[in-house]
*Asks:* 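Quick one: the structure is below, questions incoming.
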Amino acid sequence: MEEIQREPLIVFDKNEEDEELQAQIDIWRYTFGFVEQAVVKCAIELGIAEAIDSYGGPITLSQLSSTLKCDPSLLNRIMRFLIHRKIFKAIPMSQDQDSLRSNLTSIATNPTFVSHGYAYAQTPLSRHLMRKGRQSMAAMILFESSPVMLAPWHSLSAHVLANENPSFEKAHGEDLWHFTAENLEHNILLNDAMACDANLTVPAVVKGCSEAFDGLTSLVDVGGGNGTAMQTVVKACPWIRGINFDLPHVIAVSPQCDGLEHVAGDMFESVPRADAAFIMSVLHDWADEECIQILKKCKEAIPKENGRVIIVEAVIEEGGKQGSLKDVGLVLDMIMMAHTHLGKERTLEEWDYVIKMAGFTTYSVKRIPNIVKSVIMAFP
Ligand SMILES: C[S@@+](CC[C@H](N)C(=O)[O-])C[C@H]1O[C@@H](n2cnc3c(N)ncnc32)[C@H](O)[C@@H]1O
Ligand SMILES: COc1ccc(-c2cc(=O)c3c(O)c(O)c(O)cc3o2)cc1
């Protein structure tokens, strides 16, 4: 009888066996990673967090589905997933509440409506999904999960292979900034997204590096977006006159704010003069050459004596301790690869290069607790 050729069994030792089992679990994250962002986007679009917040306490499936005017059985599965991911929580209902519900649900007859014995409630994490409020990350999530911003990811390998057309241009025919200038809806989506990060980052910077703002009577935010960052600064430091400087299409949709002047222009041409320049999440969008150009324009805008450029960006620590903030920094670096032309998150050595090439004599670096960005102060 012909002997059956069997695949040689892969024989692991105990540690390798444990690693292999973990790998078989971990690979799911990379197979279906997009699902959690899509379901969270759905929760934001449905307004689940707002509905629970407005209800004022734990809300049952039938109450939530009628508030949202959506299918209770599908909503039940969405909430089951989000509760499992600890984005919302399930609160056991008291017996009398539960018996009342089981009477109600017996009318519905559908087994899906059988009383679950619990109601849904917010968590600190779900509050970040609400569209309003300083904690909101909703606009950033809707921006990053938008078809416009997802498309470039599909040509990332081609970009890496050829290092030619960056992914965003390959997907949309022009760079992010020109595309945004011609698409009002996307322009507002981008500015609102960046305001989420500014609301998270700037209060921490003002608190964690207050010396950066000492002695200033005026401060220009270069590439300041819709002015959210400068609004926070001038409210925290009322002695400072804030100038929010960005491209014309961005300034056109920027709200007025006391103590803040909006100025439209091109940072590669000139930057409005002020005692100091503030530049957050801009330099990482650009290659070294453009970075140096921008920093030189910032340097021209500030006094030689006591002037400073306050750079707020991630400083990538290669090696060192792993941590969630390092993960965010590396994720941002991938975002720069997909969304910009040669933009990147920089290590301290890479920051040293661009700052010195721009002609600054000295600089300081200060990590800010609990946020991914550091404050680099460059002195002419
Ligand atoms: C990633 S956003 C950062 C916005 C803001 N600094 C923040 O942290 O929320 C980059 C900003 O740079 C602006 N920008 C791009 N090119 C510019 C230019 N040539 N002159 C002025 N601003 C520019 C964009 O319009 C956008 O607002
Ligand atoms: C929750 O913590 C964070 C969320 C978002 C970001 C963030 C910072 C950026 O500077 C940034 C950016 O410049 C960009 O072009 C983008 O598409 C996303 C983005 O996200 C940081 C921390």
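Atoms within each ligand, like the ligands themselves, are counted from 1 in listed order. The structure presented is a predicted model; accordingly, all values stated were derived computationally and were not measured.
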*Asks:* Could you please provide the protein residues found below 4.0 Å of ligand 2 on a heavy-atom basis, arranged by chain and number?
*Replies:* M137, M140, F143, E144, M194, D197, L200, S281, H284, L332, I335, M336, H339, K373
*Asks:* Under 4.0 Å from a heavy atom of M280: which atoms of ligand 1 are those, numbered in the order shown and with their elements?
*Replies:* 3 (C), 5 (C), 6 (N), 7 (C), 8 (O)
*Asks:* Return each pair, listed once, that meets side-chain hydrogen bond (donor to acceptor under 3.5 Å, both in side chains) where at least one residue sits in residues 186-206; pairs must be two or more places apart or across chains.
*Replies:* R134-N199, N187-N191, D197-T201, D197-K373
*Asks:* Side-chain contact test, heavy atoms from C-beta onward, threshold under 4.5 Å: evaluate it for Y120 versus I59 and give yes or no.
*Replies:* yes
*Asks:* Just need the protein heavy atom nearest to atom 27 (O) of ligand 1, so name the residue and atom and give the distance.
*Replies:* D246 OD2, 2.6 Å
*Asks:* Check ligand 1 against D266 and write out every atom of the ligand that is under 4.0 Å from a heavy-atom position of the residue.
*Replies:* 18 (C), 19 (N), 20 (N)
*Asks:* Among A264, S281, G223, which residue places a heavy atom closest to atom 4 (C) of ligand 1?
*Replies:* G223
*Asks:* Does only the side chain of V250 get under 4.0 Å from ligand 1, or the backbone, or both, or neither? Count heavy atoms.
*Replies:* side chain
*Asks:* Taking 4.0 Å as the limit for heavy-atom contacts, which would you say applies to D285 with ligand 1: side chain only, backbone only, both, or neither?
*Replies:* side chain
*Asks:* If you define the side chain from C-beta out and look only at heavy atoms, does anything of L332 sit under 4.5 Å from I335?
*Replies:* yes
*Asks:* Among H178, M267, E313, H249, which one has a heavy atom closest to atom 16 (N) of ligand 1?
*Replies:* M267
*Asks:* Evaluate the ring pair (Phe, Tyr, Trp, His ring centres under 6.0 Å) criterion for residues W153 and H339: first the C-alpha distance (whole Å), next the side-chain angles of each, then the deciding distance (0.1 Å), finally the verdict.
*Replies:* CA-CA 8 Å; W153 291 103; H339 291 168; 5.7 Å; yes
*Asks:* Of K132, R127, R131, which meets salt bridge (Lys or Arg N to Asp or Glu O under 4.0 Å) against D53?
*Replies:* R127
*Asks:* For ligand 1, is W286 a contact, meaning one of its heavy atoms is under 4.0 Å away?
*Replies:* yes
*Asks:* Within ligand 1, which atoms have a heavy atom of M194 less than 4.0 Å away?
*Replies:* 1 (C), 2 (S), 9 (O)
*Asks:* Could you walk me through whether F168 and W177 pass the ring pair (Phe, Tyr, Trp, His ring centres under 6.0 Å) check?
*Replies:* CA-CA 10 Å; F168 191 93; W177 312 119; 8.8 Å; no
*Asks:* Answer yes or no: is there an ion pair linking K366 with E211, defined by an N-O contact shorter than 4.0 Å?
*Replies:* yes
*Asks:* If hydrophobic residues (ILVMFWY) are linked whenever their side-chain heavy atoms come closer than 4.5 Å, directly or via other members, who joins L216 in its cluster?
*Replies:* V202, V205, V206, F213, L219, M230, V233, W239, I240, L260, F278, M280, I310, V312, I368, I371, V375, M377, F379
*Asks:* Which of the numbered atoms in ligand 1 are under 4.0 angstrom from any heavy atom belonging to F268?
*Replies:* 19 (N)
*Asks:* Looking at ligand 1, would D197 count as a contact under a 4.0 Å heavy-atom criterion?
*Replies:* no
*Asks:* Mind checking side-chain hydrogen bond (donor to acceptor under 3.5 Å, both in side chains) for K14 and listing every partner two or more places apart, or none if nothing turns up?
*Replies:* D18
*Asks:* Does any non-hydrogen side-chain atom of K89 lie less than 4.5 Å from one of Y118?
*Replies:* no
*Asks:* Test R346 against every option in D288, D352, D333 by the side-chain hydrogen bond (donor to acceptor under 3.5 Å, both in side chains) rule and name the one that passes.
*Replies:* D288
*Asks:* Mark up the atoms of ligand 1 that fall under 4.0 Å of a heavy atom belonging to G225, in ascending order.
*Replies:* 27 (O)
*Asks:* Using a cut-off of 6.0 Å, state whether more than 12 heavy atoms not belonging to Q22 lie near its atom CD.
*Replies:* yes
